[in-house]
Amino acid sequence: MSNTNTSTTNTTVANSSIVTNIAVLVSGRGSNLQAMIDNIENGNIKNANISVVISDVADAYALERAKKHGIDAIFIDPKSFANKTEYEQELVKILNSYDTDLVILAGYMRIVGKEVISAYKNRILNIHPTLLPSFTGLHSHRQTLDYGVKVSGCTVHFVDEGMDTGPIILQSCVPVLENDTEDTLSERILEQEHKIYPQAVKLFIEGKLKVEGRIVRVSK
Ligand code: GAR
């Protein structure tokens, strides 16, 4: 497991394990999962292993992607639990059973609750397809187009108790074009997601992220 200093205001997020065990939570097609797999397989992200992919959607294509790469792929049906707490307790049990050091949300369309957050504080990352704090939650591309902003992008952040509110690690910008649709905008942003998410994971694994309150310092 990682050697994480858990002081609340000033936390260096570092990992002393030789290999960082990553668990990826998904709900859909899994292109960000694929980017992570590719970056590990091509050696850009070193000392990392995706040990399990967990989906809350039975037929998420991300599960197929995992299997193709020999990664354990698990579907947990949230509806089969009495409430969110029990669902998340099961999630934590599975994450623990894989000796998880880092949890990555990759298109996981659920708000992470306190069971998971307290078990993996400062060790959960998310990617969101806007420049946070703008346009949190669902339908972010629709929100972006409807508002008429001229620049958008994506954000990798630590996950806290709020919705898309945690300390920001990396962001990347793209222009919003006059004739953009949700599809064209999402495609342009996704290209950036596939770059900055692996980059953020690499920084985490190399112990280069320091959380000071809500500011993340990135060392060279
Ligand atoms: C990505 O665009 C990701 O940023 C977004 O879902 C998509 C998942 O695509 N996540 C959120 O909106 C989370 N609030 P993928 O399954 O191909 O990685």
Side-chain angles (χ1 to χ4, degrees), residues 22-41 45 48 50 52-69 71 73-76 78 84 88 91 102-113 116-117 120 124-147 149 151-176 180-202 204:
I22 301 173
V24 186
L25 304 191
V26 296
S27 302
R29 79 192 147 181
S31 72
N32 278 288
L33 164 69
Q34 190 66 54
M36 218 58 79
I37 292 172
D38 294 346
N39 273 270
I40 291 171
E41 287 187 353
I45 300 176
I50 299 179
V52 64
V53 171
I54 304 171
S55 173
D56 63 338
V57 173
D59 61 354
Y61 184 60
L63 291 172
E64 299 310 312
R65 293 185 194 264
K67 287 180 207 158
K68 276 188 200 154
H69 290 265
I71 299 167
I74 299 175
F75 162 56
I76 312 179
K84 181 168 176 155
E88 288 217 333
L91 209 48
L102 173 65
V103 179
I104 290 176
L105 312 185
Y108 179 67
M109 296 314 222
R110 237 162 238 284
I111 295 177
V112 177
V116 177
I117 303 226
Y120 287 90
I124 310 171
L125 307 186
N126 182 41
I127 185 139
H128 186 75
T130 69
L131 294 176
L132 290 173
S134 293
F135 314 126
T136 59
L138 297 175
H139 311 298
S140 33
H141 301 111
R142 182 76 267 148
Q143 293 186 59
T144 301
L145 293 172
D146 286 350
Y147 202 89
V149 293
V151 176
S152 188
C154 50
T155 304
V156 181
H157 63 94
F158 283 103
V159 173
D160 65 9
E161 290 76 5
M163 186 170 64
D164 303 321
T165 53
I168 290 171
I169 301 168
L170 293 176
Q171 293 186 300
S172 180
C173 304
V174 304
V176 179
D180 259 337
T181 62
E182 287 180 66
D183 284 348
T184 58
L185 178 61
S186 126
E187 201 180 318
R188 195 174 310 116
I189 292 174
L190 208 54
E191 211 176 293
Q192 296 307 308
E193 294 186 37
H194 297 163
K195 289 182 182 153
I196 67 168
Y197 211 2
Q199 203 183 332
V201 167
K202 187 175 154 84
F204 178 96

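Residue numbers start at 1 and run along the sequence shown. These values consider heavy atoms only, across backbone and side chains, with no hydrogens, waters or symmetry-generated copies. Remember, it's 1-based here, ligands and their atoms both numbered in the order they're listed.
- Side-chain contact between Asn32 and His194: present, with at least one pair of heavy atoms (C-beta onward) separated by less than 4.5 Å.
- Near ligand 1, Arg29, Gly30, Ser31, Asn32, Gly107, Met109, Ile127, His128, Pro129, Leu190, Glu193 each place a heavy atom less than 4.0 angstrom from the ligand.
- Of the N and O atoms on the side chains of His128 and Thr136, not one donor lies less than 3.5 Å from an acceptor on the other residue.
- The CG atom of Leu63 sits 4.5 Å away from the OG atom of Ser55 when rounded to the nearest 0.5 Å.
- The 12-atom threshold is not exceeded at CD of Glu191, counting heavy atoms of other residues, nucleotides or ligands nearer than 6.0 Å.
- In this structure, Asp56 CG and Ile74 CD1 are separated by 13.5 Å, a value rounded to the nearest 0.5 Å.
- To the nearest 0.5 angstrom, Ser31 atom OG is 6.5 Å from Glu193 atom CD.
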